[in-house]
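Only one structure is covered here, and it is reproduced in the block below.
Naming: A, B, ... by sequence-line order, numbering from 1 per chain.
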Amino acid sequence: MPQNFIKEIIDEHLRTNKYGGIVHTRFPPEPNGYLHIGHAKSICLNFGLAEEYNGLCNLRFDDTNPTKEEEEYVSSIKEDIKWLGFDWEDREYYASDYFDTLYEYAVKLISKGVAYVDSLTSDEIRKYRGTPTQAGKESPYRNRPVEENLELFEKMKNGEFKDGECVLRAKIDMASPNMNMRDPVMYRIRHEFHHRTGDKWCIYPMYDWAHGQSDSIEGITHSICTLEFENHRPLYDWFIEQLEIHHPRQIEFARLNLSFTIMSKRKLLELVEGKYVTGWNDPRMPTLSAMRRRGYPPEAIRHFAERVGVAKRNQVIDVALLEHSVRENLNKNAQRVMGVLRPLKVIITNYPDNTVEELEAVNNPEDPSMGKRKVPFSKELYIEQNDFKEDPPKKFFRLAPGKEVRLRYAYIIKCEEVIKDPVSGKVIELHCSYDIDTKSGLGKSDKKVKGTIHWVSVQHAFNAEVRLYDRLFTVEDPVGDKEKDFKEFLNPDSLETLKECKLEPGLKSAKRGERFQFERLGYFCADLIDSEDGKPVFNRIVPLRDTWAKIAKAQKKN
RNA sequence: UGUCCCGUGGUGUAAUUGGCAACACGUCUGACUCUGGAUCAGAAGAGUGUAGGUUCGAGCCCUACCGGGACAGCCA
């Protein structure tokens, strides 16, 4: 991991022996949604730091709000972290594991006279809190005697009050310039079933009260969280100092933002519930389960997380960096194959009928150890529709009337005749001739052509569904416009489903999750869910860099 | 007009703790190529928010200002 300000702090602690040379972090998700790429940054940071400093990283579910949290999310979160390649071993904890301890701690603070039961309504509490520029007012219940507070708190726990009737608050300073110090709520009453503690509790700790104490109980040394908790640090420290328990250091860093997508769990949930996407794992989502399904290698995400760095200023990372990381990984690892997405039939008129040649193709030019394979070639082929143009623009190196191209691993062909549909005028077939001396690897001919295109033999091709994904939003910052709802920027072309794709025969046995490079097109992954044995469905993970597209775009402009 | 945090090429992160600003992505050339991929070679692009100060010397220290962000849930 490159140098960053957190490592500097840790190094300093190590120098001064503040924590006895130990580095112990934790990743503390709330199980109220699926993990996304932003969480991946945090996971990589916390587990990565532990690894780098020979320490440990715990997984701790921050499950203090039973109204929002579900078991489904717990299991998805665990799956995603494992998939990324991190291991919390037996250190799987829950804030709810500490509810008893937290209760005792609260009693201790009440006894010390620094916490009290407030009977104001939530509305009144809000009014009494003041504003960022105006001091708040003290609650009339603020000075209840310790004994009464103890009694009331016990009754809260015993379910003798209804939801919202009272809360436990820390007694700090209603005039503090830091709003978090204006007698923050520690416990609220919720007669709710909790996914782990069931009906045992009807009072639940607030984040501020639960988090730091949980860190302390686990012996965490460095509690790394996002910037919005910076203002909470004085409170984090205050609780721990009052309790006189192990004191971890909270460090805040800037969360990840990616261009052309959103990272808010609430908004992602809105897309799911509003059926704008097919689910949390819709391959267009920025969630880890979606990226897994789309085919992103976990190593690429880890490398990406490393590249984006760690700092305190709000960052917006260009998705191009993520895509680059994915391509870089796949370029080295993905087997190359040929597939035609939008088929156009080509007949090689001078090629013998009923003949099939098995041509040798390289599986990965970046890695000879991946070997070679045979690809069948015959008189009738499919090529990509956009590899042919009737009147080719400048610098178009592909097929056009009278022009020649190389068929990858096969022959150079020349387009002799264009067959059109008499009604629509659409090009439906090309008649070409081939030059037998130009067979791949033969070296019989010195003929050179500018372009090489991919193809699939008609009689050997198998038909498959391929899904092309594009960015989910049309603008870099979908939530940046305060006038418009982010859903207005949803990209209508974010998914294109092609059902008549012609793929080379070997692909028929592709296994779920297997990744390939379809030459000249991009990287594709057999869908984890919709593929069947012998009938894979492919997701485009990411297209290849496309220089021609760039040229064409520039030409269009001029 | 409160408290806290942050301002380094288009984007993101560095800068041996004070020594003439580096790396990655992106962009643009060119080479090579049976993937317009990959690879290779190269270029453009910031003088570090602004103004002062300390110093032989400041992106790093100090002051003021400007700009951006966070905080008024019984959410996390």
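Qualifying salt bridge (charged side-chain N to carboxylate O under 4.0 Å, His left out) partners for Arg471(A), counting only residues two or more places apart in sequence or in other chains: Glu323(A). By the salt bridge (charged side-chain N to carboxylate O under 4.0 Å, His left out) test, Arg515(A) pairs with no residue at all, sequence neighbours left out. When the salt bridge (charged side-chain N to carboxylate O under 4.0 Å, His left out) test is applied to Glu519(A), the partners found at least two apart in sequence or on another chain are Arg408(A). In this structure, Glu30(A) has no salt bridge (charged side-chain N to carboxylate O under 4.0 Å, His left out) partners at least two apart in sequence or on a different chain.
Contact annotation: Thr547(A) reaches the phosphate of G37(B) (side-chain N/O to OP1 or OP2, under 4.0 Å). Side-chain nitrogen and oxygen atoms of His324(A) include at least one within less than 4.0 Å of the OP1 or OP2 phosphate oxygen of C25(B).
Residue Gln315(A) places no side-chain atom within donor-acceptor reach of the base of U11(B), judged by atom type and a 3.5 Å distance cut-off alone. Judged by distance alone, with hydrogens and angles left aside, Glu366(A) brings a side-chain donor or acceptor within reach of the base of G37(B), the pair sitting under 3.5 Å. If you check distances only, the side chain of Arg307(A) never reaches the base of U13(B) with a donor-acceptor pair under 3.5 Å.
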* Dot-bracket, RNA chain B: Watson-Crick or G-U, under 3.5 angstrom, [ ] crossing, | other strand? -> .((((((..((((.....[..)))).(((((.......))))).....(((((..]....))))))))))).....
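Counting heavy atoms from C-beta outward, Thr67(A) and Tyr204(A) have side chains that stay 4.5 Å or more apart.
The side chain of Glu30(A) lies closest to A76(B), out of C71(B), A76(B), U35(B). Taking only side-chain atoms of Glu519(A), from C-beta outward, the nucleotide of C4(B), A72(B), U35(B) with the closest atom is U35(B). Here the nucleotide nearest the side chain of Thr131(A), chosen from U35(B), G36(B), A72(B), is A72(B). Among the nucleotides C75(B), G37(B), G69(B), the one closest to any side-chain atom of Asn314(A) is G69(B). The Met206(A) side chain lies nearest to C74(B) when the options are C74(B), U35(B), G2(B). Distance from the side chain of Tyr207(A) is smallest to A76(B) among A76(B), G36(B), U17(B). Taking every side-chain heavy atom of Glu228(A) into account, A76(B) is the closest of C25(B), A76(B), G36(B).
For residues 332-342 of chain A, the salt bridge (charged side-chain N to carboxylate O under 4.0 Å, His left out) pairs, not counting sequence neighbours, are Arg342(A)-Glu496(A). Counting only residues at least two apart or on different chains, the side-chain hydrogen bond (donor to acceptor under 3.5 Å, both in side chains) pairs with a member in residues 121-130 of chain A are Thr121(A)-Glu124(A), Asp123(A)-Arg126(A).
Annotated as syn: G47(B), whose glycosidic dihedral is within 90° of 0. Glycosidic conformation at U17(B) (O4'-C1'-N9-C4 for purines, O4'-C1'-N1-C2 for pyrimidines): syn, within 90° of 0.
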Write down the protein N/O and nucleotide N/O pairs, taken from nucleotides 42-47 of chain B, whose separation is under 3.5 Å; answer none if there are no such pairs.
none

Between the protein and nucleotides 27-33 of chain B, which nitrogen or oxygen pairs are less than 3.5 angstrom apart?
from	atom 1	to	atom 2	distance (Å)
U27(B)	OP1	Lys550(A)	NZ	2.9

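With P as the reference atom, A70(B) and G10(B) are 24 Å apart, rounded to whole Å. If you take atom C1' in C71(B) and the same atom in A14(B), they sit 31 Å apart, rounded to whole Å.
Less than 4.0 Å separates RNA chain B from at least one heavy atom of each of the following residues of residues 58-74 of chain A: Asp62(A), Thr64(A), Asn65(A), Lys68(A). Residues from residues 164-177 of chain A lying near RNA chain B, meaning a heavy-atom separation below 4.0 Å, are Gly164(A), Val167(A), Pro177(A) in numerical order. For the segment residues 120-129 of chain A, residues with any heavy atom less than 4.0 angstrom from an atom of RNA chain B are, sorted by number, Leu120(A), Thr121(A), Ser122(A), Ile125(A), Arg126(A), Arg129(A).
Looking at heavy-atom distances under 4.0 Å, Asn4(A) makes contact with sugar-phosphate atoms alone, never a base. Phe396(A) comes within contact range of at least one nucleobase, with a heavy-atom separation under 4.0 Å. Looking at heavy-atom distances under 4.0 Å, Lys439(A) makes contact with a base. Base contact: His232(A) has a heavy atom under 4.0 Å from a base atom.
Other residues, nucleotides and ligands contribute only 12 or fewer heavy atoms inside 6.0 Å of the NZ atom of Lys137(A).
Taking the six-membered ring for Trp and thresholds of 30 and 60 degrees, Tyr411(A) and Tyr434(A) have ring planes more than 60 degrees apart, a perpendicular arrangement.
The distance from atom CD of Glu12(A) to atom P of U17(B) is 14 Å, rounded to the nearest whole Å.
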